[in-house]
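Because the structure is predicted, anything quoted here is derived from the model rather than measured. Atoms considered below: every heavy atom in the structure, side chains included; atoms not considered: hydrogens, waters and symmetry mates.
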Amino acid sequence: MKRLMAVGMLPVIVAGLLAGATPASASIPAHYADQKLAWHPCAEEELISLPPGTDIGGLECATYRTPRDWDRPHERQDLTIAISRLKSTGPSTASLLTNPGGPGGAGRWQPTMFRGQAKLREHQDIIGIDVRGTGKSTNVTCRGAVGAIRQLDPRDRDPRNLDQILANAEYVAKSCQNANGELGPLITTYQTIRDFDLLRTLLGREKINWVGYSGGTWLGAHYAQRFPQRTGRFVLDSSTEFTTDWQKTFDRQPVGFERRWRQDFLPWMARYDAKYHFGTSGEEVRQTYERVRYALSRNPIDGKGQMELDTAIIYLLYKKALFPALADLLVKIRAAVENGAPEQAVADARAAAKDAGDFSDAQDATFWNTVCGEGRFIGTRESLIRESQRNLDRGLLLAGGGTLNASVCLFWDKEPRPLPKLDGKGVPPMLIVHSEHDPATAIEGARRAHAKFANSRMLTVTGEGDHGLYADGNPAVDEIVNAYLVDGIVPADQSVPGMPLPVP
């Protein structure tokens, strides 16, 4: 599983169904609803995952208290939620909450993404949030154990290797659960969207607007279904299949990553063979990569082998702007394995493998507690081994075998919280934005979610594979999304062209 990103009881479910029909803060105890947000200028150390060189001028930070367990809010066992605000440039009439995905991505930095959206910012405050479990909010931990599932190559079908991969996944599951005690099962979508609704109250809004990317689409859809009367204009960008469970959502990733790799990146690198000398067709480039990968498996560079290479490739496929960096990485690693690992090639390979997909322990722990803690996981050791083999047999080589490494939820020994049915009934119109070749959230899942979620609209970006589209340089996308977020113009289902691939 690559990021994107308690037992239910009948009284809780009934209360949730009624929540949308109650006054805006009726279900929130006064000692939480009466908090005042103490905004102050953000310091860089308050922002986790801040992209290098980001301008944080004008970004304000604050924290608020939230019940550790929204089913028992009167026990006054609190968590801290860290938030940020980029104030509107004119009179503020709305708040736009944002989420970068994961689940578990720290989002306090995220309002900086929208600094250039002048129309959006005229009357809307942009709010960033480190969700419970991660960032500068109250953290959970897996005590660094998650690295164990990134070590062994699932293409090695030796039964001893496959058994060890599953043993590592079991170790991660036990480490995560043992480390967090009673808090771990409370790191769920249900609890997080209640934190958002408390924030809505503290911001003084009857409704909130929303832009969520990837795993943030899951949160947005669940909030809207639970609180339809508090739902304003919601944008779900690079959408999960939020109408199903996490397992089915992540099962689509091998197809998404392989399609992006074979249909977008490999032909692009071949087009510039005069620069890279890696192959004159996509298949030639892929075969060169396979030779490099094999050599790396036999002789790792500074302790980094084929798994670190694949991890770097996967995360550098998220954005076409990263294609030149990925091509440079492949060239440098080939030079290293062919020429005895010169020092600079080692440094380049190590830096790229670390920076691409390098997650904090708190983000890892938030991810696994959420994904494994809600919705039942289906499978056995034997069925997961068979599934990974089927993926490899289908040619899903880049991420297909990795489903076995990601089998942590198979070993989760606490009862998961059942997921509610998401059908969109009674929810205001929401906008799904998705690219045709999105690697992390394959478009097939987004289309299914759109078909099953009443009153949703879908903007498809053709000839495009970027993960995360709004406020990322496509004027046609920004125009439609801003018209919806600012003017309330609900678009019909439609498509717009993507942006060209880069020239190295």
Side-chain angles (χ1 to χ4, degrees), residues 2 145-169 171-172 254 257-258 260-262 265-266 269-270 273 276-317 322-323 325-358 384-385 387-407:
K2 312 296 178 186
V146 175
I149 61 172
R150 301 170 184 149
Q151 295 172 354
L152 298 179
D153 188 353
R155 290 210 219 172
D156 177 359
R157 305 308 286 183
D158 185 310
R160 292 169 296 182
N161 184 62
L162 301 180
D163 287 344
Q164 188 59 52
I165 288 174
L166 291 168
N168 288 354
Y171 163 70
V172 171
F257 281 110
E258 198 72 31
R260 176 68 155 166
W261 171 242
R262 294 194 186 225
F265 175 76
L266 295 177
M269 190 173 181
D273 185 58
Y276 298 119
H277 308 293
F278 221 75
T280 58
S281 70
E283 181 57 20
E284 281 189 12
V285 174
R286 193 184 71 81
Q287 290 295 339
T288 304
Y289 149 77
E290 289 289 348
R291 289 193 294 272
V292 170
R293 186 185 192 277
Y294 176 76
L296 200 58
S297 72
R298 303 301 295 265
N299 295 292
I301 299 174
D302 197 25
K304 305 295 183 182
Q306 72 275 27
M307 293 301 290
E308 286 81 7
L309 173 60
D310 285 357
T311 297
I313 289 172
I314 282 170
Y315 287 102
L316 290 170
L317 289 174
L322 299 174
F323 281 12
L326 175 51
D328 287 340
L329 170 66
L330 292 173
V331 169
K332 289 169 181 174
I333 290 182
R334 180 179 64 177
V337 298
E338 290 179 351
N339 302 322
E343 184 177 342
Q344 187 56 51
V346 170
D348 291 338
R350 181 170 59 236
K354 178 182 185 301
D355 293 341
D358 185 35
L384 292 177
I385 290 173
E387 179 190 357
S388 68
Q389 185 63 59
R390 282 194 297 269
N391 283 339
L392 295 175
D393 291 343
R394 293 170 59 198
L396 304 178
L397 303 181
L398 192 60
T403 56
L404 192 62
N405 298 69
S407 57

Looking at [X] and [Y], would you say the former's side chain and the latter's main chain have a donor-acceptor pair under 3.5 Å?
| X | Y | value |
| --- | --- | --- |
| Asn168 | Ala148 | yes |
| Glu284 | Thr280 | yes |
| Asn405 | Arg150 | no |
| Asp273 | Gly279 | yes |

Supply the atom-to-atom distance [X] [atom1] to [Y] [atom2], rounded to the nearest 0.5 angstrom.
| X | Y | atom1 | atom2 | answer |
| --- | --- | --- | --- | --- |
| Asp158 | Asp163 | CG | CG | 9.0 Å |
| Leu152 | Arg160 | CG | CZ | 12.5 Å |
| Tyr289 | Arg334 | OH | CZ | 15.0 Å |
| Met269 | Phe278 | CE | CZ | 4.5 Å |
| Trp261 | Ile314 | CH2 | CD1 | 10.0 Å |
| Ile333 | Lys304 | CD1 | NZ | 11.5 Å |

| request: Verify side-chain contact (heavy atoms from CB on, under 4.5 Å) between Thr288 and Tyr276, making sure each step is shown before the conclusion. | output: CA-CA 12 Å; Thr288 304; Tyr276 298 119; over 6 Å; no
Mind checking side-chain contact (heavy atoms from CB on, under 4.5 Å) for [X] and listing every partner two or more places apart, or none if nothing turns up?
| X | answer |
| --- | --- |
| Ala295 | Val337 |
| Asn299 | none |
| Ile385 | Arg157, Leu162, Leu166, Leu404 |
| Ala270 | Val285 |

| field | Student check: side-chain heavy atoms of Pro154 and Met307 closer than 4.5 Å | value |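 Contact flag for Pro154/Met307 side chains = yes.
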Quick check: closest heavy atoms across [X] and [Y], and the distance to 0.1 Å?
| X | Y | answer |
| --- | --- | --- |
| Gly303 | Pro300 | C-CB, 4.1 Å |
| Ala336 | Ile301 | CB-CD1, 3.4 Å |
| Pro254 | Ala399 | CG-O, 4.0 Å |

| request: May I have all residue pairs that pass salt bridge (charged side-chain N to carboxylate O under 4.0 Å, His left out) and include part of residues 290-300, sequence neighbours excluded? | output: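 Residue pairs passing salt bridge (charged side-chain N to carboxylate O under 4.0 Å, His left out), neighbours aside: Asp153-Arg293, Arg155-Glu290, Arg286-Glu290, Arg293-Asp310.
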| field | Qualifying residues under ring-ring contact (aromatic ring centres under 6.0 Å, His included), relative to Phe323, sequence neighbours excluded | value |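 For Phe323 the ring-ring contact (aromatic ring centres under 6.0 Å, His included) partners, ignoring immediate neighbours, are Phe265, Trp268.
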| message | Walk me through whether Thr403 and Arg390 qualify under side-chain contact (heavy atoms from CB on, under 4.5 Å). | response | CA-CA 11 Å; Thr403 56; Arg390 282 194 297 269; over 6 Å; no
